[in-house]
Novice: 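Below you will find the structure I want to go over with you.
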Protein chains: 2
Amino acid sequence: MENYMQDAFLPLRDVVFKTLRQAILTGELKPGERLMEIHLANKLGVSRTPIREAIRQLELEGLVIMVPRKGAQVASITEKSLTDVLEVRLALEKLAVDLACRRINYEQKERLKETLLAFEALAETDDAGQIARADVAFHDAIFDATGNMRLGQMVNNLAEQMYRYRFEYIKDRSGHRKLVEEHRLIYDAIISGDVETATKEISVHIKNQEASIIKKIRSEEGQG
Amino acid sequence: MENYMQDAFLPLRDVVFKTLRQAILTGELKPGERLMEIHLANKLGVSRTPIREAIRQLELEGLVIMVPRKGAQVASITEKSLTDVLEVRLALEKLAVDLACRRINYEQKERLKETLLAFEALAETDDAGQIARADVAFHDAIFDATGNMRLGQMVNNLAEQMYRYRFEYIKDRSGHRKLVEEHRLIYDAIISGDVETATKEISVHIKNQEASIIKKIRSEEGQG
DNA sequence: TCTTTGTATATTGTATGCAATATACAGTAT
DNA sequence: ATACTGTATATTGCATACAATATACAAAGA
C-alpha cells in the first residue's frame with residue numbers, strides 16, 4: 001500500500017485516488033464500507049488533505065457515495081443501478097461502433113486488428129487479469145477510431161463501475177469462445193463499415209455481460 | 001422552504017462550487033482565466049480548503065482544467081470539443097425520449113404537460129433566465145419519465161458545458177416559435193408513445209442548438 | 001424494561017502554516 | 001539590445017490544528 005514511489009512525479013491526491021480505486025475495484029474495500037480519512041491517511045502515510053481530494057474524485061466517478069458530516073462509503077451496486085448504467089453504456093457503445101465504422105482509418109484498423117489477435121491469443125490462457133486488459137485494449141481501439149475522446153472517457157467511466165464483477169464472465173473458460181466470437185464479429189463489421197451489424201453485435205456483447213453480472217449479483221444477495 | 005433549510009447546512013465547498021460554476025456559465029469568469037485559490041478565498045470570504053475542493057469538482061465536470069503546480073483555469077470551448085460533447089449528448093437524448101415513450105406513467109405525463117405549457121407561456125416574454133430554466137424543467141421531466149436517474153445526470157452534465165452559449169439561441173425571439181414547436185412535437189410523440197418521431201424530433205432540437213452555438217463560437221473566434 | 005438525555009468520543013468541515021515549485025523581473029555579461 | 005541568470009515573489013501541494021457535528025453509550029427517570 002505504501003509503495004507510491006513509482007508514481008512520485010504524480011500529485012499525492014492522484015496516487016491516493018488510484019490506490020483507493022484499485023482497492024474498491026478488487027474488492028479489498030467492500031460495498032458499504034466506510035472510508036475514514038484519518039484511518040486511510042495513517043494507512044497510506046499521507047495527511048488527510050490528499051485523501052479528501054481523492055475521495056471527492058471517487059464520488060464523481062460513482063465509486064463512493066458521500067453523506068455530509070458523515071463521510072464517504074464504498075458505493076454498493078444494486079441491480080437497478082447496474083441496469084441503469086448498462087442502459088446508458090449500451091447506447092454509447094452503439095454510438096462508438098457506429099462512428100468507428102464511418103471514421104476508422106488505416107492505422108486504426110491495424111491497431112484494432114492487433115488488439116483483436118492479442119485478445120484471441122490470451123483467451124486460450126487462464127490469466128484473467130491479462131484477458132481483462134486485452135478486452136479493455138480492444139474496446140479502447142474502437143473508441144480511438146471514433147475520433148471522439150470524450151466518448152471513450154465516458155464509457156470507460158461507466159464500465160469501471162462494474163469492474164468489480166468483470167472477472168465473473170472472464171473466469172469460466174467456457175465463455176471465452178463466445179467472447180472471442182463476439183469480438184470477431186464486431187471487428188469484421190467495423191472493418192467492412194457495416195454499421196447495422198456492428199451495432200447489433202455490440203448489443204449482444206454488452207447484454208451478455210449484463211446477464212452474467214446480474215446473475216452474480218443475485219447469487220451474492222442470496223448468500224449475503 | 002426545504003431548499004432554504006438545506007442550503008443553510010450546505011457545506012461551504014458546495015456553496016463555492018455553485019458560485020464558481022455560475023460565474024463560469026454566465027461568463028463572469030472567462031475561458032483561459034486563472035482561478036487562484038487565495039484570491040478566490042479572499043473574495044468569497046472563506047479559506048482555501050473549500051475553494052480547492054470546489055475547483056476539483058469543476059475539473060471533473062469539465063468546466064476548468066488543471067495544470068499540476070500551476071493551478072486551474074477556466075476551460076475554453078473549442079469547436080471540436082463542442083461537437084464531441086454534442087455527439088454524445090445527442091445519443092443520450094435519443095435514448096431518453098425512447099425510454100420515456102415506453103415507460104412514462106400518468107403522473108409523469110401530467111408533469112411533462114405542465115412544463116411544456118410553462119415553457120410556452122414564458123416563450124412569449126423576454127426573460128431569458130426564466131426561459132432557460134423552463135427549458136431545463138421540460139427536459140428534466142423527460143428524464144424523470146425514463147426512470148433512469150443516471151441518464152439524466154449525465155446529460156445534464158454534458159448540457160452544462162454549453163450553458164455559456166445557451167442564451168444565444170434563447171435571446172432572439174424569432175427562435176422562440178421554433179423552440180416551442182420543437183418541444184410540442186417531442187411532447188406529442190412521447191405522449192402517444194411514438195418512439196420514431198420522438199427520437200427524430202429530439203435530434204432536430206439538439207442539432208438546431210448545435211448550429212446556433214457553433215455560429216456563436218465562430219463569430220467569437222473571428223473577433224477574438 | 002424502555003425511553004430519554006447528557007457526555008465522551010469519533011469524525012468530518014474549515015482554517016492556516018510550511019515547504020516545494022513556478023513565475024516575474026532586475027541585473028549582468030556578451 | 002539580447003540572452004542569461006539569480007533572486008524575490010506568487011502560488012500550489014501537503015500537513016496539521018481547531019471547530020462543528022454526529023455517534024455511541026451510560027445513567028436516570030417513567
Side-chain angles (χ1 to χ4, degrees), chain A residues 1-21 23-24 29-76, chain B residues 2-21 23-24 29-75:
Chain A
M1 273 281 212
E2 286 114 4
N3 62 339
Y4 52 79
M5 272 315 206
Q6 52 189 1
D7 293 314
F9 52 93
L10 277 178
L12 273 184
R13 60 168 176 271
D14 291 332
V15 178
V16 173
F17 170 69
K18 289 183 177 181
T19 305
L20 292 181
R21 181 174 59 180
I24 292 173
L29 289 170
K30 293 183 176 53
E33 193 166 335
R34 290 184 67 183
L35 298 173
M36 286 176 297
E37 297 172 2
I38 296 177
H39 180 236
L40 291 172
N42 292 337
K43 196 166 179 182
L44 299 178
V46 300
S47 79
R48 283 175 54 207
T49 306
I51 300 281
R52 285 174 70 81
E53 297 184 344
I55 288 177
R56 296 291 177 285
Q57 295 203 202
L58 290 168
E59 184 196 14
L60 273 278
E61 301 246 308
L63 291 175
V64 312
I65 54 178
M66 294 206 52
V67 183
R69 291 248 159 240
K70 263 194 68 177
Q73 60 184 142
V74 179
S76 47
Chain B
E2 290 155 310
N3 283 341
Y4 175 76
M5 290 302 282
Q6 282 179 6
D7 273 5
F9 290 108
L10 217 53
L12 273 183
R13 61 169 176 273
D14 291 332
V15 177
V16 173
F17 171 69
K18 289 184 177 180
T19 304
L20 292 181
R21 180 173 60 178
I24 292 172
L29 289 170
K30 293 183 177 54
E33 191 165 338
R34 289 184 67 184
L35 298 173
M36 286 175 297
E37 297 173 1
I38 296 177
H39 179 236
L40 291 173
N42 292 337
K43 194 168 177 182
L44 299 179
V46 301
S47 80
R48 282 175 55 209
T49 305
I51 300 282
R52 285 174 70 82
E53 298 186 341
I55 288 177
R56 297 291 178 284
Q57 299 213 175
L58 289 168
E59 185 195 13
L60 274 278
E61 301 245 310
L63 290 176
V64 311
I65 55 178
M66 292 207 54
V67 183
R69 289 248 154 240
K70 262 195 65 178
Q73 58 186 78
V74 178

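Computed over heavy atoms, backbone and side chain alike; hydrogens, waters and symmetry mates excluded. Every chain is numbered from 1 and lettered A, B, ... according to where its sequence line falls, protein lines coming before strand lines.
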Novice: For B:Glu53 and C:dG13, what is the distance between atoms CD and C1' respectively, to the nearest whole Å?
Specialist: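 In whole Å, C:dG13 C1' lies 8 Å from B:Glu53 CD.
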Novice: For B:Asn42, give me all partners under side chain to side chain contact (heavy atoms under 4.5 Å, CB included), at least two apart in sequence or on another chain.
Specialist: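 Side chain to side chain contact (heavy atoms under 4.5 Å, CB included) list for B:Asn42, sorted by chain: B:Ile38.
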Novice: For B:Gln57, check side chain to side chain donor-acceptor pair (under 3.5 Å) against everything at least two apart and list the hits.
Specialist: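 If we apply the side chain to side chain donor-acceptor pair (under 3.5 Å) test to B:Gln57, skipping adjacent residues, there are no hits.
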Novice: Kindly give the heavy-atom pair with the smallest separation between A:Ala72 and A:Ile55, and that separation in Å.
Specialist: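 Distance-wise, the nearest heavy atoms are CB-CG2, 3.6 Å.
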Novice: For the residue pair B:Glu61 and A:Leu60, what are the closest heavy atoms and their distance?
Specialist: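 Looking at all heavy atoms of both residues, the shortest contact is OE2-CD1, 4.2 Å.
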Novice: Could you list the residues that satisfy side chain to side chain contact (heavy atoms under 4.5 Å, CB included) with B:Ala41, not counting sequence neighbours?
Specialist: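 Side chain to side chain contact (heavy atoms under 4.5 Å, CB included) check on B:Ala41 returns B:Arg48, B:Ile51.
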Novice: B:Ser47 side chain N/O closer than 4.0 Å to the phosphate oxygens (OP1, OP2) of C:dA15?
Specialist: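 Indeed, a polar side-chain atom of B:Ser47 lies that close.
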Novice: Say you draw a straight line from CE of A:Met66 to CD of A:Glu59; how long is it, rounded to the nearest 0.5 Å?
Specialist: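 Here the interatomic distance stands at 5.5 Å.
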Novice: Under 4.0 Å between any heavy atoms, over every strand shown, what does A:Leu35 touch: base, sugar-phosphate, or nothing? Just pick one.
Specialist: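 Here A:Leu35 touches the backbone only, sparing every base.
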Novice: Please determine which of A:Leu40, A:Val15, A:Leu12 meets the side-chain contact (heavy atoms from CB on, under 4.5 Å) test together with A:Val46.
Specialist: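 Single side-chain contact (heavy atoms from CB on, under 4.5 Å) partner of A:Val46 among A:Leu40, A:Val15, A:Leu12: A:Leu12.
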Novice: In whole angstroms, how far is the P atom of D:dA10 from the CG atom of B:Asn42?
Specialist: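 The answer, rounded to whole Å, is 13 Å.
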Novice: What integer distance in Å separates B:Gln73:CD from D:dT11:P?
Specialist: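 One finds 14 Å between P of D:dT11 and CD of B:Gln73, rounded.
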Novice: For A:Arg52, answer base if it contacts any base atom (sugar-phosphate contacts may also be present), sugar-phosphate if it contacts only those atoms, and nothing otherwise; contact means non-hydrogen atoms under 4.0 Å.
Specialist: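 If one applies the 4.0 Å heavy-atom cut-off, A:Arg52 turns out to touch a base.
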Novice: Could you tell me which residues satisfy side chain to side chain contact (heavy atoms under 4.5 Å, CB included) with B:Leu58, sequence neighbours excluded, listed by chain and number?
Specialist: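 Side chain to side chain contact (heavy atoms under 4.5 Å, CB included) list for B:Leu58, sorted by chain: B:Phe17, B:Leu20, B:Arg21, B:Ile24, B:Leu63, B:Val64.
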Novice: Output the rounded distance in Å from CD1 (A:Ile51) to C1' (C:dT14).
Specialist: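 Distance check: A:Ile51 CD1 to C:dT14 C1' gives 18 Å.
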Novice: For B:Pro50 and B:Arg34, take the nucleotide of DNA chain C holding the closest heavy atom to each; which residue's nucleotide lies nearer the 5' end?
Specialist: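 The residue mapped nearer the 5' terminus is B:Pro50.
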Novice: Rounded to the nearest Å, what distance is computed from the CG atom of residue A:Leu40 to the P atom of nucleotide C:dT11?
Specialist: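 Rounded to the whole Å, the gap is 11 Å.
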Novice: How long is the line joining CD of A:Glu37 and P of C:dT14, in whole Å?
Specialist: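 In whole Å, C:dT14 P lies 11 Å from A:Glu37 CD.
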Novice: Can you sort out which residues in residues 54-63 of chain B have a heavy atom within less than 4.0 Å of DNA chain D? Ascending by number, please.
Specialist: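 Under 4.0 Å from DNA chain D: B:Arg56.
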Novice: Is it the case that the side chain of B:Arg34 and the backbone of B:Lys70 share a donor-acceptor pair, with hydrogens and angles ignored and the cut-off at 3.5 Å?
Specialist: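 A pair under 3.5 Å: yes.
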Novice: Using atom CG of B:Leu10 as one end and atom C1' of C:dT14 as the other, report the distance to the nearest whole Å.
Specialist: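 Distance, rounded to whole Å: 15 Å.
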Novice: Show the distances under 3.5 angstrom between N or O atoms of the protein and N or O atoms of nucleotides 17-22 of chain C.
Specialist:
none

Novice: Measure from CG on A:Asp14 to C1' on D:dG13 and round the result to the nearest Å.
Specialist: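 Value for this atom pair: 12 Å.
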